[in-house]
Participant: 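The structure follows.
One is the number of the first residue; the rest follow in order along the sequence.
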Amino acid sequence: MSAGSSASAGSSASAAAGRAGAAGRAGAAGKAAPESGQSTAARYLELLVRGAPVEAYEGPSTPERLLALRLRAELEERRRREAELTALIATAHDLAGLRDLDEVLRAIVRRARSLLGTDVAYLTLTDTERGDTYMRVTEGSVSARFQQLRLGMGEGLGGLVAQTARPYVTDDYSRDARFQHTTSIDDGVGEEGLVAILGVPLALGEQIIGVIYAADRRARHYGREQIALLASFAAHAAVAIDTARLISETRNAVAELEAAGRTIERAAQVHDRLTELVLRGGGVAEVAEALAEVLGGGVSYLEPEQLEGSTEEFVRESLARGGAVRAGQVWVAAVTAGGELLGALALHGHPDLAPVDQLTLERAAMVTSLLQLARRSASDAEQRVRGELLDDLLDAPHRDRALLRERAGRLGTRLDGPQAVLAARLATEPQNAQLPSENEEFTARRRLLSAASHLAATGHGLAATRDGGAVLLLPLADGDTASALARRAATQLGAAVHARVTVGGAVVEQVLAADDADPADSPRTVADRYDEAGRCADALRLLGREGEGGTAEDLGFLGMLLADSGPRGLDGFVGRTLGPVLEYDRTRGTDLVETLRAYFAHGMSPARAKDELHVHVNTVTQRLDRVARLLGTDWHTPDRALELQLALRLHHLSTAFRP
C-alpha cells in the first residue's frame, strides 16, 4: 500500500472512529463491558469505534478477539503513517516558502522529535575547515554543555555517522563500545541524560554535510521504520541547507554586482532583457543582441556543427569547467543541458572581461540553453503530432475523416486542394564503400526528419519517417508543381543535413474523400501517391541523379512505367521483355543477358562484342542463337531491339544499385 492510500485510509478510519467514539462515549460513558445481550463481535466493534486501549480487549482468544486486535493494529499503523505523511508534507511546505534556514531546521528537528516520540532531537553540521561537526539545532535539550558539543570525525555516534555516511543506532550509548568515546562528548551526553540515540547522515549527493539525531533518556530500540522516517527528515534538511547555500551565493553575487557601480546597471539590463526573452519565448539571436548591447562587442551563437579546431577545444573546456573561458581575443561559454552540448555563445572584441561580466555571459548561456530546450520540446511535440496525422492519412485515411480534418486544422494544415507527396531518401553508397556506423546513420536520419519537419511546418504541411527516409505532404500553391517542389525540397534538405537527399514527388488531387463517401469507393490516394513518389526517388538514384528531385513526368518513358505499380509497371516491363532470358541465366548459370548488353553496346556486332566478353566469336553467335530460341526470331528487329535495350538498361541499373 502506498503512503497516499495509507494516509487516506487512516484518515477515513480516524474520522469514523472519532464520530462513532463520540456516540459510544455519550451512550456508554466509556464502559468497556457490553450491555446485556450484546454479542462478542458487537462488543469488539464498539471497542474499535471508541479507539479503546489494547487492555480493553482482554478475554478468551476467540476468532473475534484476534480479528479485532488485528484491525486495531492496522488502524494504529494507518494513523501513524498518516501522521508521518502529514509531517513530511508540512516540512516540504516550509521548504517551499524558505526564508530563514534556522527556522526550517528547527521545524524539521521539532517534527522529528514529535513524530518519533523521543525526548530529544538535534542536528549537527560539518565544519569543512576544522574537519569536525558542530551542534546547530536542538529540541528538548536542557544541557548547555550538550548544546555546544563538537564531534570530531569518527568520535561518538555522530562522528561515526559523519565519517561512514551510514545510520547508526544504540540502545545504551554509555555502554556501547562501537564508538570512540571522548570525555567531552560523554560528559555532554551524560549531563543531558541520553541513553538511546539514533543518528542519520545529511547527504548532498556523495557529500555528507551533517547528521540528524533522535535520542531518549531511557533505553529504547529504534526499528527500521523509525530509521527510514528520520532519513526522510534528513533529506529535507539537506535540501534546506543546499537551498540556503544557493540563496547565499546568489546574494553574494548580487552584492558584488552592486559594488561594481555601472556594471550592476548593465547586469540589471541584461537580466531584465533575458527574463523578458524567456517569458515571451524569444530566440537565440535576440539573446545575442541583448548581450552585445550590455557588454559591448559582438556576440554570436555557434551551433555544435559549427565548432571546429581550437574553438571546439575551448568550448569543451567551458563545458568541463561550467563557466566562460577565454580563447585568445574571444570569450566562449558553452550552452549545455543535462551534459549535452547545444552550442556556444562567443563574445568578440572584449579580451579583458571583468568577473561580473563573465557571470553575465554565463547566465546568458544558461538562458540560451533554456530557450533551445523549449524550442526543441515544442518542435518535437509538433513534429510528433504532424507525423502521427500523416501516418494516419497513409495507413488509415477512412478512420473518422471529420476528426482527421479537425486535427489538420489545429496544425494549420489544409487537406483540401491538390497536395504534393514527397519521398525523401538519404544518399546511398556503392556496396564496396565503407558503410556509416549505426550511430552515424541514426544521426543522419534524425537530421533528415528534423529538416523535413521544419520544411513541413513552414509550408503548412506534414512530415513523418517512413522506409528509412522521410515523407512529406505539402499543399501546392497556384502555379507551383510537384516537380518544382521536389527539386526545392532536395536542395533544402540536402543543405540542412549536409548530405545528398533524393526526393521523388507525386500529386494528390484529393487527400480525403467526402464524409458520406463509401470507404470501398475511396482509394488510398496519399498511400498510392507515396508509393509512386518512392519509386521515382529510387529511379533517380538508379539513374545516377542522387541528390536531385523530380516526379515521374520528369523521367519520360521511364516515368510512365514508374507511375504504374501493377504488372504494367517497371518490373513488369523488364519481366515481359527479358523474362525468358533472365530465367535461363538464373537456372543454368549462363550469361545471355550480359552477351545481349555487349552485343547492343557494340552496334550489334558479334565480332566487337566478343572482345569485351573475352570469348570466341562463335561463342557469341551460339549465345545469340539461344536468345533467338527464347525470345523469338524477331528479337533483333528495330522495335523489339529498342524494347530489349531499354529493358537491359533498366535491369542493369536496378541490379547494380540493389542493396
Participant: Could you go through the side-chain contact (heavy atoms from CB on, under 4.5 Å) check for Phe179 and Asp176 one step at a time?
Facilitator: CA-CA 7 Å; Phe179 314 117; Asp176 200 327; 3.4 Å; yes
Participant: Measuring from atom CD1 of Ile212 to atom OG of Ser232, what distance do you get when rounded to the nearest 0.5 angstrom?
Facilitator: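 Reported to 0.5 Å precision, the distance equals 10.5 Å.
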Participant: Salt bridge (Lys or Arg N to Asp or Glu O under 4.0 Å) with Arg224: which residues, sequence neighbours excluded?
Facilitator: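 Arg224 satisfies salt bridge (Lys or Arg N to Asp or Glu O under 4.0 Å) with no residue once adjacent residues are dropped.
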Participant: Can you name the residues that form a side chain to side chain contact (heavy atoms under 4.5 Å, CB included) with Ala238, not counting sequence neighbours?
Facilitator: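 For Ala238, the residues satisfying side chain to side chain contact (heavy atoms under 4.5 Å, CB included) (neighbours in sequence not counted) are Leu204, Ile209.
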Participant: Okay, side chain of Asp119, backbone of Arg217: is any donor-acceptor separation there less than 3.5 Å?
Facilitator: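 Pair found, side chain donor or acceptor close to backbone of Arg217.
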Participant: Do any pairs count as a ring pair (Phe, Tyr, Trp, His ring centres under 6.0 Å) and have a residue in residues 137-161, sequence neighbours left out, and if so which ones?
Facilitator: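 Applying ring pair (Phe, Tyr, Trp, His ring centres under 6.0 Å) to every pair that reaches into residues 137-161, excluding sequence neighbours, yields Tyr122-Phe146.
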Participant: NE2/His221 to CG/Asp216 distance, rounded to the nearest 0.5 angstrom?
Facilitator: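 Spacing of NE2 (His221) from CG (Asp216) equals 13.0 Å.
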Participant: Any idea which heavy atoms bring Val109 and Thr138 closest together, and the distance?
Facilitator: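 Reported closest heavy-atom pair: CG1-C, 4.5 Å.
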Participant: Quick one: does Arg65's side chain have a donor or acceptor within less than 3.5 Å of a partner on Tyr57's backbone?
Facilitator: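 Judged by distance alone, yes, a pair lies under 3.5 Å.
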Participant: Roughly how far apart are Arg218 CZ and Asp171 CG, rounded to 0.5 Å?
Facilitator: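 Here the rounded value is 12.0 Å.
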Participant: From Thr118 OG1 over to Ile197 CD1, what is the distance, rounded to the nearest 0.5 angstrom?
Facilitator: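 So the OG1 of Thr118 and the CD1 of Ile197 are separated by 11.0 Å.
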Participant: Are more than 12 heavy atoms, taken from residues, nucleotides or ligands other than Met153, located less than 6.0 Å from that residue's CE atom?
Facilitator: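 Atom CE in Met153 is crowded, with more than 12 foreign heavy atoms closer than 6.0 Å.
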Participant: Checking Glu139 now: which residues fulfil salt bridge (Lys or Arg N to Asp or Glu O under 4.0 Å) with it, not counting sequence neighbours?
Facilitator: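 Once residues adjacent in sequence are excluded, the partners of Glu139 under the salt bridge (Lys or Arg N to Asp or Glu O under 4.0 Å) criterion are Arg113.
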Participant: For a quick test of reading the model, state the closest non-hydrogen atom pair linking Ala334 to Ala365 and the distance between them.
Facilitator: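 Here Ala334 and Ala365 meet closest at O-CB, 3.8 Å.
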Participant: Is there a side-chain contact (heavy atoms from CB on, under 4.5 Å) between Glu155 and Arg150 once you walk through the steps?
Facilitator: CA-CA 9 Å; Glu155 295 179 354; Arg150 299 188 73 96; over 6 Å; no
Participant: Run the salt bridge (Lys or Arg N to Asp or Glu O under 4.0 Å) test against Asp186 and tell me which residues pass, sequence neighbours left out.
Facilitator: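 Residues passing salt bridge (Lys or Arg N to Asp or Glu O under 4.0 Å) with Asp186: none at all.
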Participant: Taking only residues two or more places apart in sequence or in another chain, which ones pass side-chain hydrogen bond (donor to acceptor under 3.5 Å, both in side chains) with Ser141?
Facilitator: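 Here the qualifying residues are Gln147, Glu192.
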Participant: Looking only at heavy atoms, what is the nearest atom pair of Thr133 and Ala162, with distance?
Facilitator: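 Where Thr133 meets Ala162 most closely, the heavy atoms are CG2-CB, 4.0 Å.
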Participant: Kindly compute the distance separating CG (Leu149) from CD (Glu191), expressed to the nearest 0.5 Å.
Facilitator: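 Separation between the atoms: 9.5 Å.
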Participant: Give every residue pair that meets the salt bridge (Lys or Arg N to Asp or Glu O under 4.0 Å) criterion with at least one member in residues 324-339, sequence neighbours excluded.
Facilitator: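 Listed once each, the pairs are Arg326-Asp352.
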Participant: Determine the minimum heavy-atom distance between Asp132 and Gly152, stating which atoms define it.
Facilitator: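 Closest approach of Asp132 to Gly152: CB-CA, 3.8 Å.
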Participant: For Ser184, give me all partners under side chain to side chain contact (heavy atoms under 4.5 Å, CB included), at least two apart in sequence or on another chain.
Facilitator: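 Counting only residues at least two positions away or on another chain, Ser184 forms a side chain to side chain contact (heavy atoms under 4.5 Å, CB included) with Thr182.
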Participant: Mind checking the CG-OG1 spacing from Leu151 to Thr126? Nearest 0.5 Å is all I need.
Facilitator: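 Here the rounded value is 10.5 Å.
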Participant: Look only at the side chain of Asp127 and the backbone of Glu129, and say whether a donor-acceptor pair between them is shorter than 3.5 Å.
Facilitator: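 Pair found, side chain donor or acceptor close to backbone of Glu129.
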Participant: Can you list the residues that meet the side chain to side chain contact (heavy atoms under 4.5 Å, CB included) rule with Thr164, with sequence neighbours excluded?
Facilitator: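 Side chain to side chain contact (heavy atoms under 4.5 Å, CB included) check on Thr164 returns Leu160, Arg166, Tyr168.
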Participant: So which pairs with a foot in residues 203-213 pass side chain to side chain donor-acceptor pair (under 3.5 Å), sequence neighbours left out?
Facilitator: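 Passing the test, one end in residues 203-213: Thr124-Tyr213.
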Participant: Given side-chain contact (heavy atoms from CB on, under 4.5 Å), test Leu448 with Ser450 step by step and report yes or no.
Facilitator: CA-CA 5 Å; Leu448 176 61; Ser450 178; over 6 Å; no
Participant: So which atom in Ser318 and which in Gly323 form the shortest heavy-atom distance, rounded to 0.1 Å?
Facilitator: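 Scanning both residues completely, I find the closest heavy atoms to be OG-O, 2.6 Å.
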Participant: Show your reasoning for whether side-chain contact (heavy atoms from CB on, under 4.5 Å) applies to Val120 and Leu194.
Facilitator: CA-CA 8 Å; Val120 182; Leu194 301 182; 3.7 Å; yes
Participant: Under the side-chain contact (heavy atoms from CB on, under 4.5 Å) test against Leu202, which residue among Leu123, Val211, Asp242, Val161 passes?
Facilitator: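 The passing option is Leu123.
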Participant: Of all the heavy-atom pairs spanning Ala346 and Val332, show the shortest one and how long it is.
Facilitator: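 Looking at all heavy atoms of both residues, the closest pair is CB-CG1, 4.2 Å.
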Participant: Do Gln226 and Arg220 have side-chain heavy atoms sitting under 4.5 Å apart?
Facilitator: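 Contact flag for Gln226/Arg220 side chains = yes.
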Participant: Could you pull out all residues at least two apart from Asp102 that satisfy salt bridge (Lys or Arg N to Asp or Glu O under 4.0 Å)?
Facilitator: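 Arg136.
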Participant: Answer whether the closest heavy-atom distance between the side chains of Gln148 and Tyr134 falls below 4.5 Å.
Facilitator: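 The answer is no; the side chains never approach within 4.5 Å.
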Participant: Would you say the side-chain atoms of Thr243 pair up with the backbone N or O of Val239, donor to acceptor, closer than 3.5 Å?
Facilitator: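 Checking the backbone N and O of Val239 against the side chain of Thr243, a donor-acceptor pair under 3.5 Å is found.
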Participant: Does any pair with a residue in residues 286-324 pass ring pair (Phe, Tyr, Trp, His ring centres under 6.0 Å), and if so which ones, sequence neighbours excluded?
Facilitator: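 Those involving residues 286-324 do not exist here.
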Participant: Got a donor-acceptor contact below 3.5 angstrom from the Ser453 side chain to the Leu449 backbone?
Facilitator: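 Here the side-chain-to-backbone pair exists.
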